[in-house]
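What you see is a predicted model, and the numbers here were worked out from it, not measured in a lab. Below, read A as the first sequence line, B as the second, and so on, with proteins coming before strands; counting in each chain starts at 1.
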2 protein chains.
Amino acid sequence: MIEGRALIGGIRQLNKSFVSADDVAKRAGVSRSAVSRTFTPGASVSDETRQRVMAAAQALGYHVNQLARGLMRSESGIVCLVVSEMDTPYRARLVRALTHELQRAGKISMLINTDRSDGSVDAALRQTLHYRADASILLSGLPDKAITKLCLDSGQRIVLINRDDEIDGPFRINLDDGHAARVTVSAFLRAGCRHLALANSAVGTPSLMARERGFVAAAAEFGLDVTVVRHGNTVYESGRKIAQTLFAEPKQPDAVFCVNDLMAFGLMDGARHDFGLRIPEDVCVVGFDDIEQAAWASYALTTFSQPVDEIVKNSIAWLANHGGESQPEVRSINLHAPMIWRKSIRGMQRPIS
Amino acid sequence: MIEGRALIGGIRQLNKSFVSADDVAKRAGVSRSAVSRTFTPGASVSDETRQRVMAAAQALGYHVNQLARGLMRSESGIVCLVVSEMDTPYRARLVRALTHELQRAGKISMLINTDRSDGSVDAALRQTLHYRADASILLSGLPDKAITKLCLDSGQRIVLINRDDEIDGPFRINLDDGHAARVTVSAFLRAGCRHLALANSAVGTPSLMARERGFVAAAAEFGLDVTVVRHGNTVYESGRKIAQTLFAEPKQPDAVFCVNDLMAFGLMDGARHDFGLRIPEDVCVVGFDDIEQAAWASYALTTFSQPVDEIVKNSIAWLANHGGESQPEVRSINLHAPMIWRKSIRGMQRPIS
DNA sequence: TTGTAAGCGTTATCAC
DNA sequence: GTGATAACGCTTACAA
């Protein structure tokens, strides 16, 4: 009754003094354990007791304290999302979908931003260890291998999306980047293109490099050289910059595969506004990710769709399956990124992939 | 030593059996309290003890258990971000910035997705109450007033961004929507436009409606009518759809104020591709939010910049200031959204705002 | 400065 | 089915 535990209207309490199971027990005239059991899914409580407990809980505004519960149970219910540059369209979509499904599964997601490696990242990540997160999901981006190891060492289950940390333990989800690259080459050739180019970023993450290698290799099979340009980050401005380089050369490419959509948009705008080129008449363009903007009329970009729903489904399924003792058997999975055919390649609209 | 507490290489432990302060104390040859004090900022530990504790902690891979700490302390260190459609460019940027600054301030953010009102939202939100979050930040979007009340009732401090729940207690951050609308009207008039239109969504959130009212009122001052069209969500497709309506009429508008950038892009694409209109020669367009795409060459949209950094700074400052006892005095703040002048209004490039 | 002991709000074990 | 009691891992008086 002292120190602000006074109840206003029977519901709201002041001074951050929360209602505890003890309070509920007293009011309901039962024991703490009865209250606990009432809020534990696989319970063993008589209907009458449950009724009384629920009534008391309702009246007092009682919420189970997960902090305390997590102390006893092995699971905290927390899943940690580690991501850099999360306002990038593809990443934002992934984070949204993951969060949504996670909370449908009764989990709660903690967000760790790894934009800068200035120690604040490290601190934040350490935070989640402090909270005894059940698992971490590492999205593509900056986070380095040390982070993976740190999470792993603290006993978390880990999902790696589009990453390549060759550490044992995590579940890996990757895309068939090489296949996409080959499909692109063949689409370009069927459109009559002969001067192929590839726009990549300078960051050189594994999936980006896989796309580059696949593209160059597939072109080589047809005896074609590829002009490869790598610049900056995987952002719009890099694509635009690459356009400046590519189209200023005497031998202008007539087909460019950009390793992601953002760069493709920059490249398209560069080609159009800086060089007066038409797409797809003068130059064909293909991107990767199928972010929302790819469908906008100004771009109508032919690209490869990130199977976000599949990624999320697989992540959560793996997390759910391996809650128990069983040794994780499946270590990685390869998902298909289907081609989305729009208007940035000339000729027949015939998807192949 | 039993049940998997065996240490591998002195660092990694199996079976989720975490290292506790007790373990560290034993190894360092000190008491539990000494360990606790070592990890408490305002401590009172001798340098020597601290050294030994740190060494032992390092060797064992010890991390303070926040779940347990939160049980004693009043603060859990958790801040809850409630947001719907968080992959929308503006929201994603806000979430990123908030998360980043929050973790710089030593907090950790929990993400609650309120996309569907199917009870899963309610469950997720209830989750954060369970985790005793210190505060909640509600971004614009779906979450209804009941949610605000729920958070408030559980003793959380609350920040409302661009929302209008007329409940007492939260800190409100809003924009000068009306001013932006007036500036837009005067810019249109100076560009020689006479047939003004406004593209709004049908959701009718307070800030959106404020922009509409402000625009209509300002136009009225000059004796001008405004064609108002409301349709769908605040997305690209809605803008495009509105273009169909607007430009099919005999009296085509020569200036359109769109309540957000996404709709503006849709409207521009509709005007160009469906009606062959040129921007800004045939029709001037202004948006709101200044998302990344507004700077892309295909749009070069004149718009109003969401002061994201200011919003974040103010949110966190308020949260930090009101950790103590003091009655919150400042209840709300109004931020300025400066006009970003690009190329979607014809004539002199003279910002006014 | 340091150790001892008493909580914090749960859940799990075990008699009844 | 129910109620004591012992953890869980931490912080914090209080005493030394």
*Which angle, to the nearest 10 degrees, lies between the helix axes at the two ends of the helix from dT1(C)-dA16(D) to dC16(C)-dG1(D), each defined by five pairs?*
30°
Would you be so kind as to tabulate the donor-acceptor pairs closer than 3.5 Å made by side chains of residues 32-40 of chain B, with sequence neighbours excluded?
from   : atom 1 : to     : atom 2 : distance (Å)
R32(B) : NH1    : D22(B) : OD1    : 3.4
S33(B) : OG     : S31(B) : OG     : 3.4
T38(B) : OG1    : A34(B) : O      : 2.7
T40(B) : OG1    : S36(B) : O      : 2.8

*Verdict with supporting geometry, E75(A) and K107(A), salt bridge (Lys or Arg N to Asp or Glu O under 4.0 Å)*: CA-CA 10 Å; E75(A) 292 187 15; K107(A) 302 286 184 184; 3.2 Å; yes
Rounded to the Å, how far apart are [X] [atom1] and [N] [atom2]?
X	N	atom1	atom2	answer
R73(A)	dG9(C)	CZ	P	18 Å
N65(B)	dA7(D)	CG	P	18 Å
H130(A)	dT11(D)	NE2	C1'	15 Å
Q66(A)	dC8(C)	CD	C1'	16 Å
D22(A)	dG3(D)	CG	C1'	13 Å
L71(A)	dG9(C)	CG	P	12 Å
R69(B)	dG9(C)	CZ	P	18 Å
F39(B)	dG9(D)	CZ	P	16 Å

*Which residue, A68(B) or V30(B), contacts DNA chain C at a nucleotide closer to its 5' end, judged by nearest heavy atom?*
V30(B)
*Does the D23(B) side chain pair with the main chain of S20(B), one donor and one acceptor, at a distance under 3.5 Å?*
yes
*asked:* Is it the case that the side chain of H130(A) and the backbone of V64(B) share a donor-acceptor pair, with hydrogens and angles ignored and the cut-off at 3.5 Å?
replied: yes
_Gap between atom CD1 of I333(A) and atom CG of N174(A) - 0.5 Å precision_ =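 Reported value, rounded in 0.5 Å steps: 10.0 Å.
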*Begin with the C-alpha distance, continue with both residues' side-chain angles, and end with the deciding distance and a verdict on side chain to side chain contact (heavy atoms under 4.5 Å, CB included) for V79(A) and I108(A).*
CA-CA 6 Å; V79(A) 173; I108(A) 195 88; over 6 Å; no
Counting only side-chain heavy atoms from C-beta out, which of [options] sits nearest to [X]?
X	options	answer
V45(A)	dG9(D), dT1(C), dT2(D)	dT2(D)
T49(A)	dC10(D), dT11(C), dT2(D)	dT2(D)
V64(B)	dC8(C), dT11(D), dT2(C)	dT11(D)

_With a cut-off of less than 4.0 Å, is there a side-chain N or O of S36(B) near OP1 or OP2 of dT12(D)?_
no
*Does Y62(A) have a side-chain nitrogen or oxygen under 4.0 Å from the phosphate oxygens OP1 or OP2 of dT10(C)?*
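It does, given that an N or O in the side chain of Y62(A) lies less than 4.0 Å from OP1 or OP2 of dT10(C).
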*Begin with the C-alpha distance, continue with both residues' side-chain angles, and end with the deciding distance and a verdict on salt bridge (Lys or Arg N to Asp or Glu O under 4.0 Å) for R91(A) and D87(B).*
CA-CA 8 Å; R91(A) 304 248 177 81; D87(B) 56 344; over 6 Å; no
*Does NZ or CZ of R331(A) come closer than 6.0 Å to the centre of the six-membered ring of F171(A), within 45° of the ring's axis?*
no
_Step-by-step side chain to side chain contact (heavy atoms under 4.5 Å, CB included) determination, S76(A) to L67(B)_ = CA-CA 9 Å; S76(A) 65; L67(B) 268 37; 4.2 Å; yes
Using a cutoff of under 3.5 Å, can you pull out all pairs of nitrogen or oxygen atoms linking the protein to nucleotides 4-7 of chain C, with atom names and distances?
from   : atom 1 : to     : atom 2 : distance (Å)
dT4(C) : O4     : S33(B) : OG     : 3.0

